[in-house]
Amino acid sequence: MPELPEVETIARGLREDLCGARVAAGALLWPGVLEADHGALDGPAFLRAVAGARIDAVWRRGKVLLLDLAGTGGAPHAAPGVTPGAAPLHLAFHLRMTGRLTVEPGGTAPGVHTRLLLDLADGRRLFFADARKFGRCRAMAPEALGRWPFFAALGPEPLELDAPAFAALLAGRRARIKALLLDQSVLAGVGNIYADESLFRAGIHPADTAAAIGPARLERLHGALAAVLREAIAANGSSISDYVNAHGDAGAFQNDFRVYGRRGCPCRVCATPLARTTVAGRTTTFCPLCQRPAWAGDS
DNA sequence: AGATCTACCTGGTTGC
DNA sequence: TGCAACCAGGTAGATC
């Protein structure tokens with residue numbers, strides 16, 4: 001499921017492929033894919049706004065992938081309230097669990113799970129597919145992007161924080177450490193995989209409260225999280241479920257998981273069978289020996 | 001402030 | 001074999 005490293009990998013691939021490309025037309029194959037609240041465009045406005053637009057930038061914030069569109073010079077119609085020819089627009093995709101964004105050659109037919117597509121002027125097609133219909137796209141003017149509550153509330157990027165700032169973010173909080181890692185308003189981009197993997201590497205029990213952990217170990221967690229995210233990006237992400245990059249290729253980091261999805265398997269460090277519990281409503285895998293609770297000693 | 005539950009979905013796996 | 005039950009995941013929203 002796409003978390004920060006997977007979305008980053010997709011963004012890099014799309015950036016290479018799409019920057020400067022012009023959109024001929026969009027299509028909504030399943031209208032429910034488009035979220036139109038908080039100032040985002042509805043279906044008809046979306047279709048008008050993307051037609052003729054140029055893709056200027058591809059970026060990522062947390063798990064959100066954004067395409068910046070501009071210069072709807074060739075658009076036959078402008079969206080209501082939008083000036084033709086100068087209509088900057090953000091397309092924000094959230095892939096949730098099974099969403100895919102891929103660039104396909106001209107003539108490729110949409111699959112049964114393709115929910116939205118952009119036909120490019122050069123014939124290629126950008127497909128947004130999602131078997132489970134959890135993924136969403138929003139089309140927003142720049143002001144609307146800032147007013148999107150989820151986006152506006154996103155916490156800092158974990159790879160842009162130094163260790164003391166990371167520790168300060170969590171220090172003293174009484175929620176469980178894993179719940180905080182997963183909370184997008186605390187830290188943007190971490191999901192179940194990288195929360196479990198980083199807590200294992202840092203030797204921290206996922207159900208410890210942040211307040212019980214202490215600054216030195218929080219800084220160690222920062223190092224573990226940054227390392228695991230960087231390694232995963234270098235491996236082009238983790239392919240479980242449906243994840244592929246913009247070119248349809250799988251990632252490789254799933255082969256390096258130390259705990260995620262390995263319950264009952266021997267710990268790679270101490271060979272103790274990995275345990276499973278639930279934290280913040282999520283399946284959580286950890287090593288009962290390497291990740292002792294803070295109250296059990298071992299500062 | 002934080003935890004817990006439900007809803008949203010459906011492909012894949014497990015159990016009978 | 002065939003089918004039902006369950007599970008996975010991120011976020012929103014309600015409730016305690």
Donor-acceptor contacts under 3.5 Å from residues 28-39 of chain A side chains, at least two apart:
residue	atom	partner	partner atom	Å
A:E35	OE1	A:R138	NH1	3.3
A:D37	OD1	A:R138	NH1	2.7
A:D37	OD1	A:R138	NH2	3.2

*For the helix from B:dG2-C:dC16 to B:dC16-C:dG2, measure the angle between the helix axis at one end and the axis at the other, each built from five pairs, rounding to 10°.*
50°
*Report the residues that fulfil side chain to side chain contact (heavy atoms under 4.5 Å, CB included) with A:R61, sequence neighbours left out, ordered by chain and then residue number.*
A:W59, A:L66, A:F151, A:L154, A:E157, A:A188
*Name the nucleic acid region contacted by A:R276, choosing base, sugar-phosphate or nothing; use a 4.0 angstrom heavy-atom cut-off, strictly under.*
sugar-phosphate
_Working to the nearest 0.5 angstrom, can you tell me the gap between A:R176 CZ and A:L199 CG?_
12.5 Å
*Just do the side-chain contact (heavy atoms from CB on, under 4.5 Å) check on A:E197 and A:V259 with the steps written out, would you?*
CA-CA 6 Å; A:E197 292 296 316; A:V259 287; 3.5 Å; yes
*For atom CZ of A:R174, decide whether the heavy atoms of other residues, nucleotides or ligands shown that lie under 6.0 angstrom number more than 12.*
no
_According to side chain to side chain contact (heavy atoms under 4.5 Å, CB included), who are the partners of A:E231, at least two apart in sequence or on a separate chain?_
A:R201, A:A227, A:F253
*Say whether, by atom type as modelled, one donor and one acceptor occur between the side chain of A:R22 and the main chain of A:G52 under 3.5 angstrom.*
yes
*Residue pair A:R124, A:D17: steps toward the side-chain contact (heavy atoms from CB on, under 4.5 Å) verdict*: CA-CA 10 Å; A:R124 293 177 300 155; A:D17 283 7; 3.9 Å; yes
*Write down the distance between CG (A:L182) and C1' (B:dA3), rounded to a whole number of angstrom.*
14 Å
*So what does A:R282 hit on the nucleic acid, given a heavy-atom distance under 4.0 Å: a base, only sugar-phosphate, or nothing?*
base
*Please report the shortest heavy-atom distance between A:R115 and A:A131, naming the atom on each side.*
NH2-O, 3.3 Å
Taking only nitrogen or oxygen atoms into account, show me every contact under 3.5 Å that the protein makes with nucleotides 4-9 of chain B, one pair per line with its distance.
residue	atom	partner	partner atom	Å
B:dT4	OP2	A:R176	NH1	3.3

_Outermost nucleotides of DNA chain C that come under 4.0 Å of a non-hydrogen atom of chain A_ = C:dA8 to C:dA12
*Say you draw a straight line from CZ of A:R276 to OG1 of A:T283; how long is it, rounded to the nearest 0.5 Å?*
3.5 Å
